[in-house]
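Report on one structure; see the data block that follows.
Note on naming: letters A, B, ... go to the chains in the order of the sequence lines (proteins, then strands), and numbering restarts at 1 for each one.
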There are 2 protein chains.
Amino acid sequence: MEKQEENIWAHCSSSSVRRASRQLGQLYDDAMGLSDLRGTQFSLLTQIGYLQEPTQKELAKAMVMDLSALGHTLKPLIRDDLVELVPDEKDRRAKRVRLTPTGRARQLELVANWQEAQRRFDAVLGAEKSAELRRTLAFIASENFAEAFAAAGKKGD
Amino acid sequence: MEKQEENIWAHCSSSSVRRASRQLGQLYDDAMGLSDLRGTQFSLLTQIGYLQEPTQKELAKAMVMDLSALGHTLKPLIRDDLVELVPDEKDRRAKRVRLTPTGRARQLELVANWQEAQRRFDAVLGAEKSAELRRTLAFIASENFAEAFAAAGKKGD
DNA sequence: GGAATTTACTGGCATATGCCACTATATTTG
DNA sequence: CAAATATAGTGGCATATGCCAGTAAATTCC
């Protein structure tokens with residue numbers, strides 16, 4: 001009762017995730033080397049490669065990112081010729097995101113750096129906890145979670 | 001071996017945390033109501049109140065945030081008279097961050113909204129896993145983690 | 001088939017974060 | 001004490017993200 005003033009990190013999941021995100025952003029970016037490409041950009045390129053020419057909408061959904069935010073984030077990558085937008089043939093509203101040869105090459109180059117960072121992460125946290133953490137975070141990022149979270153508020157709210 | 005192309009979320013801790021952070025940012029912000037104050041701002045105000053007039057440096061460290069990033073983030077809060085900077089008496093380089101009466105009041109108003117969001121989170125993930133997750137993330141955000149992460153790279157790198 | 005509605009983006013504005021260069025103030029050194 | 005160095009912030013620039021208000025194209029409804 002009297003301890004509500006305790007450090008917010010101990011009680012707020014959102015703040016906890018955010019703060020950890022800042023720390024990891026730093027650590028992984030450092031580990032990525034002077035590659036001029038950020039961790040966020042690397043993961044975006046990787047996701048684009050994985051999805052094979054997704055529309056911006058599809059990519060945004062996979063990234064759990066706002067569509068316009070994605071659009072903004074893609075700008076510097078397009079400017080640097082790592083990514084290109086090609087209009088969908090069927091739906092002329094949609095634009096598909098595609099890695100340029102340069103983009104594909106840059107992504108491949110950085111895989112080793114990323115693996116090293118991830119290796120260190122696993123070494124420090126432990127492979128078990130590391131995997132478990134990613135599973136939990138994947139659930140939190142899922143639509144199921146968002147729906148359940150919304151539903152949990154419908155009643156008592 | 002052939003499955004290196006698998007979804008990055010399943011393997012990258014940094015991306016996982018970041019993606020979850022986006023989702024929770026959305027969910028908590030919604031739960032915070034139309035309070036014109038973001039979840040990030042609420043947690044910042046809360047941390048300032050907890051630390052009792054910290055210097056920007058101290059606050060940045062607690063937030064695991066870059067000093068200049070903190071400065072930028074404080075700007076809108078200062079503009080809106082929720083926070084003020086007061087020069088330290090001993091060290092004239094330092095400026096202490098203090099909640100204004102308005103800031104303190106706004107923070108208190110939002111505690112209930114935050115608690116509701118956190119209640120939902122715990123309800124969906126389970127109180128046990130929720131607490132465990134925060135512990136893990138607190139470790140990841142700690143200096144110990146950063147040092148261990150760096151040390152893990154010194155040898156094989 | 002044409003109007004109403006939905007969908008996929010774009011552009012503008014605002015916050016969130018970080019890096020680097022620079023300034024002012026302390027602290028350390030010779 | 002003065003010079004060298006370290007520390008705390010500030011300002012400018014760049015990316016990361018989100019909201020809202022259009023715009024254009026597709027889909028749904030008389």
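For B:Arg38, the salt bridge (Lys or Arg N to Asp or Glu O under 4.0 Å) criterion is met by no residue, not counting sequence neighbours. Applying the side chain to side chain contact (heavy atoms under 4.5 Å, CB included) criterion to A:Thr136, with sequence neighbours excluded, gives A:Glu132, A:Ile140, B:Leu125, B:Lys129, B:Leu133. Under the rule for a side chain to side chain contact (heavy atoms under 4.5 Å, CB included), B:Gln52 has no partner lying at least two apart in sequence or in another chain. In this structure, the salt bridge (Lys or Arg N to Asp or Glu O under 4.0 Å) partners of A:Arg98, at least two apart in sequence or on a different chain, are A:Glu53, A:Glu84. Checked against salt bridge (Lys or Arg N to Asp or Glu O under 4.0 Å), B:Arg134 has the following partners two or more places apart in sequence or in another chain: B:Asp122. For the salt bridge (Lys or Arg N to Asp or Glu O under 4.0 Å) test, no residue two or more places apart in sequence or in another chain qualifies with A:Asp66. The side chain to side chain contact (heavy atoms under 4.5 Å, CB included) search around B:Arg19 returns A:Val64, A:Ala138, A:Ala141, B:Trp9, B:Arg22, not counting sequence neighbours.
Identified under the salt bridge (charged side-chain N to carboxylate O under 4.0 Å, His left out) test for residues 23-34 of chain B, with sequence neighbours left out: none.
Against DNA chain C, the stretch residues 55-62 of chain A makes heavy-atom approaches under 4.0 Å through A:Thr55, A:Gln56, A:Lys57. Shown for residues 65-74 of chain B: residues whose heavy atoms fall under 4.0 angstrom of DNA chain D, namely B:Leu67, B:Ser68, B:His72. If you check residues 77-106 of chain A against DNA chain C, the residues with a heavy atom closer than 4.0 Å are A:Arg93, A:Ala94, A:Lys95, listed by number.
Side-chain atoms of A:Asp88 and A:Arg92, non-hydrogen and from C-beta on, never get closer than 4.5 Å to each other.
When DNA chain D is scanned in the 5' to 3' direction for atoms under 4.0 Å from non-hydrogen atoms of chain B, the outermost contacting nucleotides are D:dA6 to D:dC19.
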